[in-house]
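See below for the structure under consideration.
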Amino acid sequence: MKKNIPRHIGFIMDGNGRWAKKRGLPRNAGHSQGAAVFKKTINWCRELGVECASFYAFSTENWKRPPDEINGIMELLRRYIKDIRATVRENIRIVILGDKTPLAEDIRADLDDIELSSKDNDGFIVGIALNYGGRAEITAACAEIARQCADEFLLPEDITESLIEEHLYTSTMPPLDMVIRPSGEQRLSNFMIWQAAYAEFVFMDVLWPDFKKKDLISAMDIFAERNRRFGGL
């Protein structure tokens, strides 16, 4: 019997700072190593038959971190934009999840260009959650729907779950099947809280910079053994 493979996996990339601290390195060294694992994980997902992978890169709450760390993350993002752009040539579609407005102008311009140039690619989908928060995403969707009601394009009775989903950042992506969070923490931390309503959660003790293909396979094996009933019997 064919193994049950998740179409869409969400990764909460956690543990970069702790990985660096254990080695006596600055926190940004952990983020750099974590970014390298991000790139490898995309390839592993494709090899294993997954259609879509979303990565929690920078949350709306992460702005509270020290300025040096935030600046380091943004500089790392600038360097990895070249790698992200290269994936477009591999028939990968890039979707930026989150509000790009607070990001630097050059980063916004590059990300907009990458999304536009990859929009017709159908080989694999990568979601990158930048300045992302699940509550903020739902709030923005509701605000847009309210504007359409105020402009009389919609009536309140037109509002359905499907309509809300059409206004989420993930509207063009497959449903979220599984969330993997390494580092030993067992919470969503405001990641895809609408989309994760019926997703399977797999929490792992490995820190994200140490995440390997075998860890992904182990998580997918756990998923394959789960009995997903979606509220039914």
Side-chain angles (χ1 to χ4, degrees), residues 1-20 22-23 30-59 80 83-84 87 90-95 97 121-129 132 134 165 168-170 172-233:
M1 187 171 69
K2 187 176 179 180
K3 182 178 175 181
N4 187 20
I5 296 174
R7 295 180 65 199
H8 184 178
I9 302 176
F11 294 90
I12 300 177
M13 302 186 291
D14 194 19
N16 293 339
R18 276 171 282 171
W19 182 90
K22 283 175 62 176
R23 291 160 176 77
H31 294 308
S32 181
Q33 181 65 21
V37 174
F38 154 77
K39 184 179 177 183
K40 293 176 183 176
T41 303
I42 293 172
N43 293 329
W44 298 333
C45 284
R46 296 185 76 183
E47 291 169 11
L48 294 169
V50 179
E51 296 177 29
C52 176
S54 293
F55 298 86
Y56 204 7
F58 191 85
S59 78
Y80 266 83
D83 288 324
I84 295 169
T87 65
E90 299 171 20
N91 199 24
I92 292 176
R93 177 159 65 93
I94 304 296
V95 180
L97 314 172
N121 291 351
D122 58 6
F124 190 75
I125 304 170
V126 174
I128 305 174
Y132 174 87
E165 288 178 349
L168 299 178
Y169 296 122
T170 52
T172 63
M173 304 168 80
L176 184 67
D177 289 320
M178 177 168 66
V179 175
I180 298 175
R181 179 167 191 160
S183 85
E185 305 291 352
Q186 299 188 19
R187 56 181 176 270
L188 277 178
S189 295
N190 204 15
F191 178 65
M192 291 193 174
I193 52 180
W194 176 285
Q195 297 87 341
Y198 280 103
E200 298 295 323
F201 300 161
V202 178
F203 301 109
M204 314 185 87
D205 287 332
V206 61
L207 299 174
W208 176 252
D210 289 327
F211 192 81
K212 302 287 192 299
K213 185 178 180 180
K214 65 180 179 61
D215 299 308
L216 176 58
I217 292 171
S218 175
M220 291 178 63
D221 286 343
I222 292 171
F223 175 87
E225 294 170 0
R226 299 268 176 92
N227 179 14
R228 306 183 76 202
R229 297 185 296 278
F230 299 94
L233 298 178

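Numbers here simply count residues along the sequence, with the first being 1.
The two residues Gly34 and Asn16 have their closest heavy-atom pair at CA-OD1, 3.8 Å. Between Gln195 and Thr170 the shortest heavy-atom distance is NE2-OG1, 2.8 Å. Residues Pro6 and Met178 come closest through the heavy atom pair CG-CE, 4.0 Å. Considering all non-hydrogen atoms of both residues, Tyr80 and Ser32 come closest at OH-O, 4.2 Å. Among all heavy-atom pairs drawn from Pro209 and Gly30, the shortest one is CG-O, 3.9 Å. Nearest heavy-atom pair, Asp215 versus Asp210, reported as atom, atom and distance to 0.1 Å: OD2-O, 3.9 Å.
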Donor-acceptor contacts, no H, no angles, side chain residues 36-46, under 3.5 Å, sequence neighbours left out:
| unit_1 | atom_1 | unit_2 | atom_2 | d |
| --- | --- | --- | --- | --- |
| Thr41 | OG1 | Val37 | O | 2.7 |
| Arg46 | NH1 | Glu90 | O | 3.4 |
| Arg46 | NH2 | Glu90 | O | 3.2 |

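Here the CZ-CG distance, from Phe223 to Leu216, works out to 12.0 Å after rounding to the nearest 0.5 Å. Rounded to the nearest 0.5 angstrom, Phe191 CZ and Leu176 CG are separated by 6.5 Å. To the nearest 0.5 angstrom, Asp14 atom CG is 6.0 Å from Glu185 atom CD. Separating the CD1 atom in Ile9 from the CZ atom in Phe55 is a distance of 8.5 Å, to the nearest 0.5 Å. Distance check: Glu51 CD to Phe124 CZ gives 9.0 Å after rounding to the nearest 0.5 Å. Summarising the geometry, atom CZ belonging to Phe211 is positioned 11.5 Å from atom OG belonging to Ser183; distances are rounded to the nearest 0.5 Å.
Contact of the Glu47 side chain with the Lys213 side chain is registered, since non-hydrogen atoms from C-beta on lie closer than 4.5 Å. Taking the side chain as every heavy atom from C-beta outward, Arg181 and Ser189 approach each other to under 4.5 Å. Between Pro174 and Ile125 there is a side-chain heavy-atom pair separated by less than 4.5 Å. By the 4.5 Å heavy-atom criterion applied to side chains, Ile5 and Leu48 are not counted as neighbours. Annotation: side chain of Leu188 is in contact with side chain of Val179 (closest heavy-atom distance under 4.5 Å). Within the 4.5 Å cutoff, no side-chain heavy atoms of Glu200 are placed close to those of Val202. Under the 4.5 Å side-chain criterion, counting only non-hydrogen atoms from C-beta, Met204 is in contact with Ser218.
At least one donor-acceptor pair closer than 3.5 Å links the side chain of Tyr132 to the backbone N or O of Met192. Judged by distance alone, the side chain of Asn4 and the main-chain N or O of Ala224 form no donor-acceptor pair under 3.5 Å. The closest donor-acceptor contact from the side chain of Asn190 to the backbone of Gly134 lies under 3.5 Å. Not one N or O on the side chain of Arg7 forms a donor-acceptor pair closer than 3.5 Å with the backbone of Asp177. Distance alone, capped at 3.5 Å, is enough to place a donor-acceptor pair between the Arg226 side chain and the Phe201 backbone.
Every residue two or more places apart in sequence or in another chain was checked for a salt bridge (charged side-chain N to carboxylate O under 4.0 Å, His left out) with Lys22, and none qualifies. Qualifying side chain to side chain donor-acceptor pair (under 3.5 Å) partners for Tyr56, counting only residues two or more places apart in sequence or in other chains: none.
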| query | Between Ile84 and Ile94, is a side chain to side chain contact (heavy atoms under 4.5 Å, CB included) present by the stated rule, with each step listed? | reply | CA-CA 8 Å; Ile84 295 169; Ile94 304 296; 4.0 Å; yes
